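Here's the structure, in structure tokens; my notes come after.
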Amino acid sequence: MNLNTQFTQLENFGHSLKANCYCIPVKQTEDIYEVFQLAKKTGLTVTARGTGISYNDVSLNGGGIVLDMLGMDQILEWDPASGLVRCEAGVTLQQLWQKVEPDGWWPPVVSGTMKTTLGGCLAVNIHGKNNYQVGTIGEHVVEFTVMLPTGALVTCSPRMNADLFYAMISGLGMLGVFTSITLKMKRIHSGLIAVDARPVHNLREHLGDLLENAPNYDYIVGWLDTFAGGKSLGRGQIHAANNLKEGEDPKAQETMQLKYQHLPNRLFGVMPKSLLHYFMSPFVNDVGWRAVNIAKYIASLRKHTFRQSHAEFHFLLDYVPDWERAVGRGGLIQYQSFLPKEAAKDAWREMIELSLRRGLPSYLGVTKRHRPDKFLLTHAVDGFSLAMDFKVTDKNRSRLGEQLQEFDRIVLDAGGRFYFAKNSETSAKTTRAFLGEETIAKFKKLKKRCDPNELLESDLYRRIFK
Ligand SMILES: Cc1cc2nc3c(=O)[nH]c(=O)nc-3n(C[C@H](O)[C@H](O)[C@H](O)COP(=O)(O)OP(=O)(O)OC[C@H]3O[C@@H](n4cnc5c(N)ncnc54)[C@H](O)[C@@H]3O)c2cc1C
């Protein structure tokens, strides 16, 4: 294996961070072992990377090696009777749902994009719009096999090597590299999902709806107009959805076929969606996007119920390919905070007001209802999350950084947590404050055991743990 020809510039999803890395594709478990040997010999560090679409630096490794896991993309076993599937770690959610849905199953937890890999999803322990009902993806993992930097292959489940199971899921790829993963799928009785859409007029109503209705629906998510202040602050729209029960869809065998789950390639049947982000660009500034938010809020005032395919409901963000490029050269940063249910309203009011006063508004706000989980570096709380997207420019970059540090203080004071797949500003001090010294000591002890030569490091790891 040779490093000379593989030095490549990699980016995060929002194109706001860049890192030059030795990018090495792997096809099988033995290749991972060889890369660890190479790293030892050269003194370089290693980060595994799936699709590489985390919002931050979690899969970047400036000056080091990046293991490109996309070549390990085989679905190894699928049992439509039990719903158990065993996959290599580079299998994407898209491959997975397309394999299982025609047999009447759906992945138990998915991200807002289907492009993520299972390895990437486990390493950050993703949550979906059903987090309150079913927890994170880790709660549906039956077992996984991981290669440690020592070269050992270890299998973990909630009963076997349980300490590693709960630390590697959420462990940011810093304890070992997932090679194969066994997951339990969720039974479905239709390719459609029933969605209730309703407006909420302020933050109190918004959080009240999520709180009251999360137990009544399989999925619940809110859109929040981050440009609205004063009495309208927190206004938006709730989408709450249920899987159809057996017998509710007379055409279930048809709607579960892949042709029903297609995201169309053309808008209005004419414009290729791949070009749409160019047309969006002129509107992606404070004035244009405020207008878009107002228009969206007005359109959302009508309460209605409809059915749509699973793919349309879950993967709205895949609808416009490369939409994140519409924000321009500086890219975007996502900031997602997780707050206890009692503290969320005041903290988010303070954050949104601050962003409007500073003239650094978020362009998008998405809310969810969460529940705590047992994974070591968990981001979850008994409360809510708010994800905000900020446009980065050369002019606002440092002021935006300061604003996000102030957000961190507000979140910490309110007893909140952060998600390492999203925020790109969280400091080592903030990390210590929210995870606690005990959790960090536990993680570092496992790190010493699994990775005694500290071969696994990423830009994020150096930022939050060093
Ligand atoms: C549009 C969009 C919507 C999203 N929606 C959601 C959402 O609804 N909920 C949510 O929770 N997240 C969401 N995310 C975040 C996303 O799910 C995570 O960032 C996920 O980790 C990305 O998968 P990936 O394959 O690109 O991982 P990468 O970015 O490549 O890697 C992420 C982490 O996984 C590690 N890793 C990758 N492969 C392996 C492996 N084989 N073994 C060990 N470690 C590995 C990397 O080292 C890194 O630490 C969203 C992201 C985008 C861009």
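Just so it is clear, the structure is predicted and the values come from calculations on it, not from any experiment. When a ligand or atom number is given, it counts from 1 through the structure's own listing order.
- For atom 52 (C) of ligand 1, the nearest protein heavy atom (residue, atom name, distance) is Y55 CE1, 3.4 Å.
- If you run side chain to side chain donor-acceptor pair (under 3.5 Å) between Y363 and each of T226, N293, D286, only D286 comes through.
- Close contacts of ligand 1 with M69, meaning ligand atoms under 4.0 Å from a residue heavy atom, involve 41 (N).
- At distances below 3.5 Å, not a single donor-acceptor pair connects side-chain atoms of E101 with backbone N or O atoms of Q98.
- Polar contact with ligand 1: absent for A89 (N/O pair, distance under 3.5 Å).
- Between atom 48 (C) of ligand 1 and the options V58, T117, N56, T92, the minimum heavy-atom separation is to V58.
- Geometric assessment of R86 against the ring of W78 yields a negative cation-pi assignment under the 6.0 Å and 45° thresholds.
- The protein heavy atom nearest to atom 31 (O) of ligand 1 is S59 CB, 3.5 Å.
- Listed for the N130 side chain is no donor-acceptor partner under 3.5 Å among the backbone atoms of V134.
- The heavy atom nearest to atom 21 (O) of ligand 1, out of those in G120, A48, S385, is found in G120.
- In this structure, the protein non-hydrogen atom closest to atom 53 (C) of ligand 1 is I53 O, 3.2 Å.
- Taking distance alone, with nitrogen or oxygen atoms compared against 3.5 Å, F13 stays at or beyond that limit from ligand 1.
- Ligand-side atoms of ligand 1 in range of G176: 43 (C), range being under 4.0 angstrom from any heavy atom.
- For atom 16 (C) of ligand 1, the nearest non-hydrogen atom from the set T116, L317, T179, I181 comes from T116.
- In terms of polar-atom proximity, R49 is not counted as a contact of ligand 1, lacking any N or O under 3.5 Å from an N or O of the ligand.
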Donor-acceptor contacts under 3.5 Å from residues 157-169 side chains, at least two apart:
| from | atom 1 | to | atom 2 | distance (Å) |
| --- | --- | --- | --- | --- |
| S157 | OG | R159 | N | 3.1 |
| S157 | OG | M160 | N | 2.9 |
| N161 | ND2 | T155 | O | 2.8 |
| D163 | OD2 | R449 | NH1 | 2.9 |
| D163 | OD2 | R449 | NH2 | 3.4 |

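- Relative ring orientation between Y297 and W223 is described as tilted, the plane-to-plane angle lying within the 30° to 60° band.
- For E143 and T182, the side-chain atoms include no donor-acceptor pair closer than 3.5 Å.
- Atoms of ligand 1 found under 4.0 Å from any heavy atom of V177, numbered from 1 in the order shown, are 41 (N), 42 (N), 43 (C).
- When only non-hydrogen protein atoms are considered, atom 24 (P) of ligand 1 lies nearest to T51 N, 3.6 Å.
- Taking distance alone, with nitrogen or oxygen atoms compared against 3.5 Å, V124 stays at or beyond that limit from ligand 1.
- Every N/O-N/O distance between G128 and ligand 1 stays at or above 3.5 Å.
- Heavy atoms of K368 found under 4.0 angstrom from ligand 1 belong exclusively to the side chain.
- Side chain of H314 to backbone of G128: no donor-acceptor contact under 3.5 angstrom is found.
- Using a cutoff of 4.0 Å between basic side-chain nitrogens and carboxylate oxygens, R369 and D382 are scored as salt-bridged.
- Per-residue contacts place G50 under 4.0 angstrom from the following atoms of ligand 1 (heavy atoms of the residue considered): 25 (O), 28 (P), 30 (O), 37 (C), 38 (N).
- Checking only distances, G112 does come within under 3.5 Å of ligand 1, N or O to N or O.
- Side chains of S59 and V66 form no contact here, defined as non-hydrogen atoms less than 4.5 Å apart.
- Geometrically, ligand 1 and T47 share no nitrogen or oxygen pair separated by less than 3.5 Å.
- The residue from C121, G119, A123, S54 that puts a heavy atom closest to atom 35 (C) of ligand 1 is A123.
- Using a 4.0 Å cut-off to heavy atoms of Y419, the atoms of ligand 1 that qualify are 10 (C), 11 (O), 12 (N).
- Contacts of K422 with ligand 1, taken as heavy-atom pairs under 4.0 Å, involve the side chain alone.
- By the 3.5 Å distance cut-off applied to N or O atoms, G52 is counted among the residues near ligand 1.
- Considering each of F315, F420, F178, the one bringing a non-hydrogen atom nearest atom 40 (C) of ligand 1 is F178.
- No donor-acceptor distance shorter than 3.5 angstrom exists from the side chain of K368 to the backbone of A387, with no hydrogens or angles considered.
- The residues D459 and R462 are annotated as salt-bridged, a charged nitrogen and a carboxylate oxygen being separated by less than 4.0 angstrom.
- Side-chain N or O atoms of Q261 include one that pairs as donor or acceptor with a backbone N or O of G191 at under 3.5 Å.
- Side chain of Q95 to backbone of T92: a donor-acceptor contact under 3.5 angstrom is found.
- Considering backbone and side-chain atoms alike, T113 places every N or O at 3.5 Å or more from each N or O of ligand 1.
- Of the polar atoms of H127, at least one N or O is found under 3.5 Å from an N or O of ligand 1, judged by distance alone.
- Contact atoms of ligand 1 toward G173: 43 (C), 44 (N) (distance under 4.0 Å to a heavy atom of the residue).
- A ring-centre distance under 6.0 Å is not found for H370 and H379.
- The shortest non-hydrogen separation linking T431 to I440 is O-CD1, 4.1 Å.
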